[in-house]
Amino acid sequence: MSHLAESNFESEPVADRAESAPGAASTALQRQKLSSLQTPSLQTPSQQVVSPQQPNLQIPCAAIGAVFAAADAGSIVLASLLGAEGYQLFISGAPWNLDFHVGAGITAAVLYLLIGRSSGFYQVADIFSLRRDRSRILGQWLLTSLLLASLAFLFRIGVEFSRGSIICFAVLALASLFASRRLMKAALMLAVRQGRVQGRRVLVVGLRDELAAVGNEDLLRRFGLTEVGRVAFPNNVDSSLAADKGMIASLDRALVVARDCGAQEIVLALRWNDTRVIELVRDWLRASPLPVQLLPDQKVRYLTQNPAFSVNRSLAVEIQRAPLSEFELLAKRALDITGACFGLALLLPLMLATALAIKLESPGPVLFRQQRSGFNARRFSIFKFRTMTVMEEGDSVTQATRHDPRITKFGRMLRASSIDELPQLFNVLRGDMSLVGPRPHAVAHDSHYGKLLSEYAFRHHVKPGITGWAQIHGCRGGTAQVGLMKKRLDFDLWYINNWNPWLDLVILVRTVLEVVRPRNAY
């Protein structure tokens, strides 16, 4: 909604929950200090991008636990039917009650799965574990049988089952659970060897000795992660500023690699006792919206693998969460698609008439396109109705002013009413933007203000939006002074930190009222 040059410098991100860093000021000073010391001879960080040929059929690592649970449940229900029918037909010769035995099998399956889930039996690390599962299966099934017998006694339905059929069910179910687990693990190992198991795509960053101890298979087995690349810090990591310069260069490279490889997460391989390095890495990676996880180092892994310690073997520390949860992202995307489709259906006649008027008034294309930075600073082409006689793009973009001679007569009306923004509904459908979020700026302006405002990069923690919290509070138009951009940035960060679906609906309604009184729009 805010208008700058036809290369408009408007700011557009969506809602994600970036934290507003209590130590942002110290982080900014640290960044400026280190940046001023960087030289062209800086050591190039070691980086490796992994791009293996993936099979057509991929099994998400997150679904493995559910698949194993379904196999166990099916084994128990099938054992209930076969055990009861086999005993009744071949031994007692009496008729059997199908409904009761199906109900008993389902109840036993639910109890077994609840017990297994509470003990971590279906977690990725436990499933990939090479240790035998027989003792755990036996213990869980004995507890399940005890609970099932207790329920039958409490509800007085024990007379419906013969003791022989119950014993056959219990023995057959235990044997089928042993066989199911063994067969499922064998099938899983085969899928891993064929590269068909896909974990969360991660970029691994850290010290060379720690990285050497973290292999691809280890990441998949212990954490459910698939490595798409790794960046190693220089060897001379100490407390000197020269070493910090090398780490900063590596971290900057890591942000680029993570974005280019489509990483879903960044994992760190650092020494847990080196708090200074962990703090530095954590502060620098706050510019990325990706969650950051600290893997246990070699000493901690040794302790967790020791059977004398009762610790989760896949221990890892989350030092930065994703801006929005997967459910929140799904809810926001559903609102975007619904709203964009409704808006296009309602406003299509107006958009066609606008396109015709632009074509008749001045030579040139109807739509203006320009590169903007979206979620995670990824570039995309923004669509707008052309309102100027120029099509600026590149490293130098001049913001629009109130009486800018480049703006056409019809374009001035479009900008004042924000009708020129309507083609961005197509950006929303493409997934580049959201209906609500911080407005995006021209790439040149992003670079300029990113150096002046320490928290500016947090705007890229979310997708850009057609309208936003800043726009409904009158932050539209140019930002010739840094203070104006700082005010807009404060509104954007508040929105990101406080997002919820109702807030988006409120902003959309208030946007209509803001368009009616076009303050600061030119």
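Since this is a predicted model, take the numbers as computed values, not measurements.
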**Fill in**
Rounding to 0.5 Å, atoms CZ (Arg333) and OG1 (Thr338) come to a distance of 10.0 Å

**Request:** Go through the side-chain N and O atoms of Tyr495 and Asp490 and say whether any donor and acceptor fall under 3.5 Å apart.
**Result:** no

**Item:** Point-to-point distance, once rounded to the nearest 0.5 Å, from CG of Leu324 to CG of Leu330
**Value:** 11.5 Å

**Fill in**
Between Leu203 and Ala263 the two heavy atoms that sit nearest each other are N-CB, 4.1 Å

**Prompt:** To the nearest 0.5 Å, what is the distance between CD1 (Ile64) and CG (Leu188)?
**Reply:** 4.5 Å

**Prompt:** Stepwise, does the side chain to side chain contact (heavy atoms under 4.5 Å, CB included) test hold for Val205 with Val292?
**Reply:** CA-CA 10 Å; Val205 181; Val292 180; over 6 Å; no

**Prompt:** Below 4.5 Å, heavy atoms only, C-beta onward: do Glu265 and Leu290 meet side chain to side chain?
**Reply:** no

**Item:** side chain to side chain contact (heavy atoms under 4.5 Å, CB included) evaluation trace for Gln198 with Cys61
**Value:** CA-CA 5 Å; Gln198 178 70 45; Cys61 199; over 6 Å; no

**Message:** Between His460 (side chain only) and Ser288 (backbone N and O only), is there a donor and an acceptor less than 3.5 Å apart?
**Reply:** no

**Request:** Nearest 0.5 Å please: distance from the CG atom of Leu344 over to the CG atom of Leu422.
**Result:** 9.0 Å

**Asked** Can you check whether Lys332 reaches Ser434 side chain to side chain, under 4.5 Å on heavy atoms?
**Response** yes

**Asked** If you measure only the distance, is there a donor-acceptor pair under 3.5 Å linking the side chains of Gln371 and Ser381?
**Response** yes

**Request:** Using the six-membered ring wherever Trp is involved, compare the ring planes of Tyr456 and His441 and label them parallel, tilted or perpendicular (cut-offs 30° and 60°).
**Result:** tilted

**Prompt:** Hey, does the side chain of Arg386 reach the backbone of Met388 with a donor-acceptor pair shorter than 3.5 angstrom?
**Reply:** yes

**Item:** Side-chain heavy-atom pair Glu328, Trp499 within 4.5 angstrom cut-off
**Value:** yes

**Request:** For Asp133 and Arg182, run salt bridge (charged side-chain N to carboxylate O under 4.0 Å, His left out): C-alpha distance rounded to whole Å, both residues' side-chain angles, the deciding distance at 0.1 Å, then the answer.
**Result:** CA-CA 9 Å; Asp133 297 315; Arg182 185 169 183 176; over 6 Å; no

**Prompt:** So is Arg378 actually on top of Phe375's ring, under 6.0 Å and inside 45° of the axis?
**Reply:** no

**Request:** Please check if the side chain of Arg230 supplies one atom and the backbone of Leu211 the other of a donor-acceptor pair under 3.5 Å.
**Result:** yes

**Request:** Could you tell me whether the side chain of Val436 reaches within less than 4.5 Å of the side chain of Leu508, counting heavy atoms only?
**Result:** yes

**Message:** I'd like to know if the side chain of Asn427 reaches the main chain of Asp432, judged simply by a donor and an acceptor atom lying under 3.5 Å from each other, with no hydrogens or angles considered.
**Reply:** no

**Prompt:** Is it the case that Arg181 places NZ or CZ above or below the six-membered ring of Phe121, under 6.0 angstrom from the centre and within 45 degrees of the axis?
**Reply:** yes

**Message:** Would the distance check show the side chain of His473 and the main-chain N or O of Arg488 forming a donor-acceptor pair, the cut-off being under 3.5 Å?
**Reply:** no

**Fill in**
For Asp297 and Trp272, the nearest pair of non-hydrogen atoms, with its separation, is OD2-N, 2.8 Å

**Request:** Just do the side chain to side chain donor-acceptor pair (under 3.5 Å) check on Asn498 and Trp469 with the steps written out, would you?
**Result:** CA-CA 11 Å; Asn498 295 276; Trp469 187 244; over 6 Å; no

**Message:** Determine whether Phe385 and Met351 satisfy the following criterion, side chain to side chain contact (heavy atoms under 4.5 Å, CB included), listing intermediate values before the conclusion.
**Reply:** CA-CA 9 Å; Phe385 281 126; Met351 295 174 67; 4.0 Å; yes

**Request:** Return yes if a side-chain donor-acceptor contact under 3.5 Å exists between Asp420 and Thr387, otherwise no.
**Result:** no

**Message:** Evaluate Glu279 against Arg282 for salt bridge (charged side-chain N to carboxylate O under 4.0 Å, His left out), listing each step before the verdict.
**Reply:** CA-CA 5 Å; Glu279 290 281 343; Arg282 183 194 65 179; 2.6 Å; yes

**Request:** Supply the atom-to-atom distance Leu225 CG to Asp218 CG, rounded to the nearest 0.5 angstrom.
**Result:** 10.0 Å

**Asked** Nearest heavy-atom pair of Leu429 and Cys341: which atoms, and what distance?
**Response** CD2-SG, 4.0 Å

**Asked** Between Val202 and Val228, is a side chain to side chain contact (heavy atoms under 4.5 Å, CB included) present by the stated rule, with each step listed?
**Response** CA-CA 6 Å; Val202 300; Val228 296; 5.9 Å; no

**Message:** Using the side-chain hydrogen bond (donor to acceptor under 3.5 Å, both in side chains) criterion, which residues pair with Asp260? Sequence neighbours excluded.
**Reply:** none

**Message:** With a 4.5 Å cut-off on side-chain heavy atoms, are Lys384 and Gln424 touching?
**Reply:** yes

**Request:** Look at the side chain of Arg286 and the backbone N and O of Val281, then say whether any donor-acceptor pair between them is shorter than 3.5 Å.
**Result:** no

**Message:** Does Phe426, at its CZ atom, have more than 12 non-hydrogen atoms belonging to other residues, nucleotides or ligands within less than 6.0 Å?
**Reply:** no

**Message:** I want to check something: taking the side chain as every heavy atom from C-beta on, are Thr226 and Val197 in contact at a cut-off of under 4.5 Å?
**Reply:** no

**Item:** Asp504 and Leu335, any side-chain heavy atoms less than 4.5 Å apart
**Value:** yes

**Item:** Polar side-chain atom of Gln264 near backbone of Arg201 as donor-acceptor pair, under 3.5 Å
**Value:** yes

**Prompt:** Do Leu489 and Phe458 touch side chain to side chain, with heavy atoms closer than 4.5 Å?
**Reply:** no

**Item:** Glu210 side-chain N/O to Leu207 backbone N/O, donor-acceptor pair under 3.5 Å
**Value:** no

**Asked** Which atoms form the tightest heavy-atom contact between Val277 and Asp274, and what is the distance?
**Response** CG2-OD2, 3.1 Å

**Prompt:** Which pair of non-hydrogen atoms, one from Gln471 and one from Gly437, has the smallest distance, and what is that distance?
**Reply:** OE1-O, 4.4 Å

**Request:** Kindly give the heavy-atom pair with the smallest separation between Ile127 and Gly65, and that separation in Å.
**Result:** CD1-CA, 3.7 Å

